[in-house]
Amino acid sequence: MKRQYISIFRFISQILFVSLFVIGLISFKSLMIFIILISVILGPLFCGWMCFVGFYQDVCRYIGKFIKREAFEPSEKVQRFLKYSRYLILLGSITVGGIFLFPNKAWGSFSGLLKGHIVVNLALYFMIFLGFLSLFTKRFFCRYLCPIGAKQGLYSLARPLTINRSDSCISCSLCSKECPMRIPVDKTNSLANPSCINCFKCIEVCPNNSLKIGVRNYLKP
């Protein structure tokens, strides 16, 4: 696969999965099993290639490049704390009723809530706000707020397939700069970071083809 086509295939995948998600509403349990299996083997591929919220943020950021070419990034000091925020949200969600431990029950409750106009309006306002935020940031919701992404990341901690960095790396740091999840890719030999969403943008921008998908080396982090 040529590197320049990765974004195109990811974009098409996101559109197709929006349709699959609608179909999956009929059988939500089967859809969740499919997503979990992918996460365990390949990592959070759902987040990078399938999630419609991620797709929405990517589209907004693409539009935002015409307003502000460089995305806003929090300082390194702030980032060290913020990167754990979505896990705290996941922990809070589990504590309050365990809704993410039992997604089928959560979906039933969620479907019931959608019948209320207040919840629908709040969701709409949030998506509008998220769209505005995404004009100037890269995947803010995925990085700091999404408990589903946090859970997918935890599933992927022992994944056998990942992105490996070879010795041909010239330390240009383009991969780290391009990463929407702000992972220091250029300092990692085997990218098994739970924040990685497998968007493969690091592979796209690597000028020396030093990043490739392969079997994870557990002895060389």
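Between the side chains of D186 and S173, at least one donor N or O lies within less than 3.5 Å of an accepting N or O. Side chains of Y144 and Q79: a donor-acceptor N/O pair is present below 3.5 angstrom, by distance only. A donor atom on one side chain and an acceptor atom on the other are found under 3.5 Å apart for S168 and S210.
You'll find the side chain of L191 reaches within 4.5 Å of the side chain of I183, heavy atoms only. Using a 4.5 Å heavy-atom threshold, the side chains of L174 and C206 count as separate.
Nearest heavy-atom pair across S156 and G43 is CB-CA, 3.5 Å. Closest approach of L211 to C202, counting heavy atoms only: CD1-O, 3.5 Å. The heavy-atom pair separating M50 from I38 by the smallest distance is CE-CD1, 3.7 Å. The shortest heavy-atom contact between I163 and F200 is CD1-CD2, 3.6 Å. Closest of all the heavy-atom pairs between R216 and T162 is CB-CG2, 3.6 Å. The minimum heavy-atom distance between R159 and P44, with the atom names listed, is NH1-CD, 3.7 Å.
Both V53 and F126 are members of a single hydrophobic cluster when ILVMFWY side chains are connected at heavy-atom separations under 4.5 Å. Under the 4.5 Å side-chain heavy-atom criterion for Ile, Leu, Val, Met, Phe, Trp and Tyr, L133 and F66 are members of distinct hydrophobic clusters. No continuous path of hydrophobic side-chain contacts links I128 to Y62 [ILVMFWY only; heavy atoms under 4.5 Å]. Linking Ile, Leu, Val, Met, Phe, Trp and Tyr whenever their side-chain heavy atoms come within less than 4.5 Å puts F55 and I63 in one cluster. Note on F129: it clusters hydrophobically with L145, by side-chain heavy-atom contacts below 4.5 Å among ILVMFWY residues.
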- request: Evaluate the criterion side chain to side chain contact (heavy atoms under 4.5 Å, CB included) for residue pair L154 and Y87; output intermediate values, then yes/no.
  value: CA-CA 9 Å; L154 294 176; Y87 299 103; 4.1 Å; yes
field: Step-by-step salt bridge (Lys or Arg N to Asp or Glu O under 4.0 Å) determination, R143 to E73
entry: CA-CA 12 Å; R143 282 192 199 181; E73 292 287 355; 2.8 Å; yes
- request: Let me see the working for I148 and Q152 under side chain to side chain contact (heavy atoms under 4.5 Å, CB included), right down to the final yes or no.
  value: CA-CA 6 Å; I148 301 298; Q152 299 299 314; 4.3 Å; yes
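Ion pairing of R139 with D58 is present here, as a side-chain N (NZ or NE/NH1/NH2) and a carboxylate O approach within less than 4.0 Å. Salt-bridge formation is detected for the pair R182/E76: a Lys NZ or Arg NE/NH1/NH2 atom is positioned less than 4.0 Å from an Asp or Glu carboxylate oxygen. Between K138 and E70, none of the side-chain N atoms (NZ, or NE/NH1/NH2) sits under 4.0 Å from a carboxylate O, so this pair counts as no salt bridge.
Here the straight-line distance linking atom OG of S190 with atom CG of L161 works out to 10.0 Å at 0.5 Å rounding. Note that the CZ atom of F46 and the OH atom of Y155 stand 12.5 Å from one another [nearest 0.5 Å]. The structure places CD1 of I41 at 12.0 Å from CD1 of I36, a figure rounded to the nearest 0.5 Å. In this structure, the separation between CD on E204 and SG on C175 is 12.5 Å, given to the nearest 0.5 Å. Atom CE of M127 and atom OG of S134 lie 8.5 Å apart (nearest 0.5 Å). For the atom pair CG of N208 and OG of S166, the computed distance is 7.5 Å after rounding to the nearest 0.5 Å.
Between the N189 side chain and the N164 main chain, no donor and acceptor come within less than 3.5 Å of each other. Checking side-chain atoms of R61 against main-chain N and O of L135 turns up a donor-acceptor pair under 3.5 Å. Panel note: side chain S85, backbone F81; no donor-acceptor pair is recorded below 3.5 Å. Judged by distance alone, with hydrogens and angles left aside, the side-chain atoms of Q57 form a donor-acceptor pair with the main-chain N or O of F141 at under 3.5 Å. Judged by distance alone, the side chain of N198 and the main-chain N or O of L42 form a donor-acceptor pair under 3.5 Å.
In this structure, F136 has its ring center closer than 6.0 angstrom to the ring center of F132.
For the side-chain contact (heavy atoms from CB on, under 4.5 Å) criterion with M181, the lone passing option out of C199, C196, C142, C47 is C142.
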